[in-house]
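Working notes for the structure below.
Just so we're on the same page: letters track the sequence lines, and every chain starts at 1.
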There are 2 protein chains.
Amino acid sequence: MRSLLTKSLLILLLLVNTAYAAADPLPSWNDTIAKKAIITFVDEVTKAGSPHFVPPAERVATFDNDGTLWSEQPLYFPEIFVLDRFKAIASQHPEWQKNPELKAVLDGDLKSVPLDLDVYARAGYTTTEFEQSVKDWATTARHPKTGKLYTEMVYQPMRELLDYLRANGFKTYIVSGGCIDFMRPWTEKAYGIPPEQVVGSSVKMQMEIRDGKPVLVYLPEINFIDDGPGKVIGIEQNIGRRPIMAFGNSDGDLQMLQWTTAGSGPRFALLVHHTDAQREWAYDRTSAIGRLDKALDEAQAKGWTVVDMKKDWKIIYVFQKK
Amino acid sequence: MRSLLTKSLLILLLLVNTAYAAADPLPSWNDTIAKKAIITFVDEVTKAGSPHFVPPAERVATFDNDGTLWSEQPLYFPEIFVLDRFKAIASQHPEWQKNPELKAVLDGDLKSVPLDLDVYARAGYTTTEFEQSVKDWATTARHPKTGKLYTEMVYQPMRELLDYLRANGFKTYIVSGGCIDFMRPWTEKAYGIPPEQVVGSSVKMQMEIRDGKPVLVYLPEINFIDDGPGKVIGIEQNIGRRPIMAFGNSDGDLQMLQWTTAGSGPRFALLVHHTDAQREWAYDRTSAIGRLDKALDEAQAKGWTVVDMKKDWKIIYVFQKK
């Protein structure tokens with residue numbers, strides 16, 4: 001029985017291997033330095049006998065979300081969701097009209113959006129209610145510029161990269177400043193990343209009994225901000241392993257990239273640089289959203305890979321895939 | 001190519017299936033009601049075409065650690081570690097002698113161990129330093145009664161159960177009141193559970209640069225207590241899916257079992273009841289450690305599975321395995 005088993009397994013592996021070798025794993029990437037750097041690194045850490053071989057269990061790759069896996073203009077998409085949700089449930093909260101800050105938001109003043117709007121928009125609601133509102137939004141809300149669903153504005157080259165890494169034994173994680181509960185309902189479909197591999201900011205919650213059943217209810221208090229050094233803490237608390245590859249696009253990702261590359265053995269850090277005003281947006285050092293300044297300097301000093309969206313990507317969005 | 005691939009895959013699956021069917025997956029369990037309940041449930045949720053079939057991605061099983069996967073007498077093992085560590089580094093902290101509470105512990109007064117001793121025993125240390133001290137302890141410290149390493153006092157029947165569930169496509173998680181950083185260094189070897197599938201209590205930390213490199217340093221403040229309703233919050237924040245099976249042994253696990261069984265579709269809850277004074281310990285409703293009172297009532301009322309260690313387990317510890 002064993003020899004038949006071994007033989008079947010070998011044929012299977014051979015066929016799978018052949019299938020992979022034949023196809024370009026990153027067809028939406030131009031054959032520029034960024035693509036070569038990724039493939040060279042993945043080959044080095046996965047080939048048996050390579051001096052830089054990394055066992056599958058340690059192949060952890062972390063991705064920022066906003067600006068790295070999907071667009072983030074004209075506002076971070078999680079903020080757009082919060083604004084939409086806030087307005088949608090405002091009629092249930094007449095008390096908001098008495099709060100000048102909240103009233104300004106309801107009157108359409110986007111300059112004065114309070115930082116804790118997300119907390120107002122979910123305090124007292126259950127995780128189940130909130131999850132449903134995210135699902136509804138993800139399948140109906142449309143981007144003001146492209147008219148596409150936000151989840152259609154996922155970057156096709158990054159989607160291919162996620163698949164490529166997983167095909168090479170990597171576990172792919174999102175480590176985002178966005179709220180964890182906002183991402184989990186749609187990341188599996190959009191990125192192939194299951195809820196348990198999403199790390200993000202969070203709001204405090206408590207268990208209550210409602211209608212005789214236990215529910216989790218949000219409290220009006222931020223629990224954790226997963227940004228900057230917080231991303232390193234989020235990685236430590238939720239994953240408990242240091243990534244060997246990390247991907248970001250802004251100064252909020254700098255510490256995650258520093259932490260990743262400070263580990264021993266082979267390490268890879270990449271920044272997505274928004275250089276394509278025509279097909280996406282062009283912004284970096286002075287942008288209020290997704291500012292890329294210190295991290296760009298450090299990438300240049302340390303030889304991290306920087307993706308030039310305009311030059312390195314054949315197409316931008318998953319909806320442009322033929 | 002496709003037909004050869006399919007054929008190889010089918011032969012492989014057939015052989016793997018046959019191999020599993022032949023062996024008893026839980027050889028250290030007597031053929032009592034608990035074992036039958038487990039196997040019946042797993043069969044129901046995994047067999048294709050079963051009305052209770054659950055897709056692999058949703059097969060989440062959560063396990064308490066202390067008293068469920070290993071012993072917890074005469075003190076919770078994480079507390080024994082903290083005491084050992086506290087004493088081992090006391091010479092670096094002459095200031096502790098001036099604190100009456102801490103001095104009492106150093107003088108051997110176990111009745112007055114402060115709740116936040118763990119915080120004292122790691123504030124200012126890096127995660128790397130702390131991890132090393134856990135590894136050293138796990139491979140050298142011995143239990144006062146058995147003389148065995150603590151990790152040898154893992155329950156063999158539960159070790160088999162973990163393997164059995166994983167062989168059936170389950171993801172197995174620890175959800176423990178113990179500190180997450182205390183468990184992760186040894187759970188992969190002891191249980192086959194990787195660091196990213198461990199949920200536990202935690203201490204706050206911050207990123208600092210030491211010797212030019214980023215490190216994570218513990219702060220003197222508790223971050224999260226993963227016990228009672230906290231276990232449900234830990235599950236929500238770290239896993240983001242409701243378990244379909246949950247395993248505990250004390251009132252601290254009650255909410256996790258309530259949360260698990262309140263989900264729709266097939267659900268399974270189990271309590272390990274410490275009934276074996278000769279081979280392990282016997283305690284329940286009045287014990288200061290691992291009190292099992294309300295959860296035992298609820299298990300009886302709701303028909304949850306209760307393991308009678310004395311009757312249901314052929315052997316207790318992994319070190320007794322022949």
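- Interface remark: of the candidates B:Lys204, B:Lys171, B:Gln206, B:Lys171 forms the most heavy-atom pairs closer than 4.5 Å to chain A.
- Distance check: A:Gln237 CD to B:Gln237 CD gives 9.5 Å after rounding to the nearest 0.5 Å.
- Of the residues considered (B:Gly200, B:Ala262, B:Pro214, B:Ala57), B:Pro214 shows the highest number of contacts with chain A, using heavy-atom pairs under 4.5 Å.
- Proximity to chain A among residues 225-236 of chain B is limited to B:Pro229, B:Val232, B:Ile233, B:Glu236, judged by heavy-atom separations below 4.5 angstrom.
- Scanning both residues, A:Arg184 and B:Gly240, for their nearest heavy atoms gives NH1-CA, 3.4 Å.
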- Task: Test A:Asn223 against B:Phe224 for side chain to side chain contact (heavy atoms under 4.5 Å, CB included), laying out the working first.
- Result: CA-CA 10 Å; A:Asn223 178 57; B:Phe224 179 65; over 6 Å; no
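- Listed options B:Ile180, B:Ile239, B:Val215 were ranked by heavy-atom pairs under 4.5 angstrom with chain A; first place goes to B:Ile239.
- Per-residue counts of heavy-atom pairs under 4.5 Å with chain B were compared for A:Val198, A:Val60, A:Val199, A:Thr127; the largest is that of A:Thr127.
- Note on B:Glu131 versus A:Arg242: no salt bridge recorded, every NZ/NE/NH1/NH2 to OD/OE distance being 4.0 Å or above.
- Heavy-atom distances place both the backbone and the side chain of A:Leu216 under 4.5 Å from chain B.
- The heavy-atom pair separating A:Arg241 from B:Pro195 by the smallest distance is NH2-CD, 3.3 Å.
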- Could you please spell out the steps behind the side chain to side chain contact (heavy atoms under 4.5 Å, CB included) verdict for A:Glu196 and B:Tyr173? CA-CA 11 Å; A:Glu196 61 269 28; B:Tyr173 288 85; 3.4 Å; yes
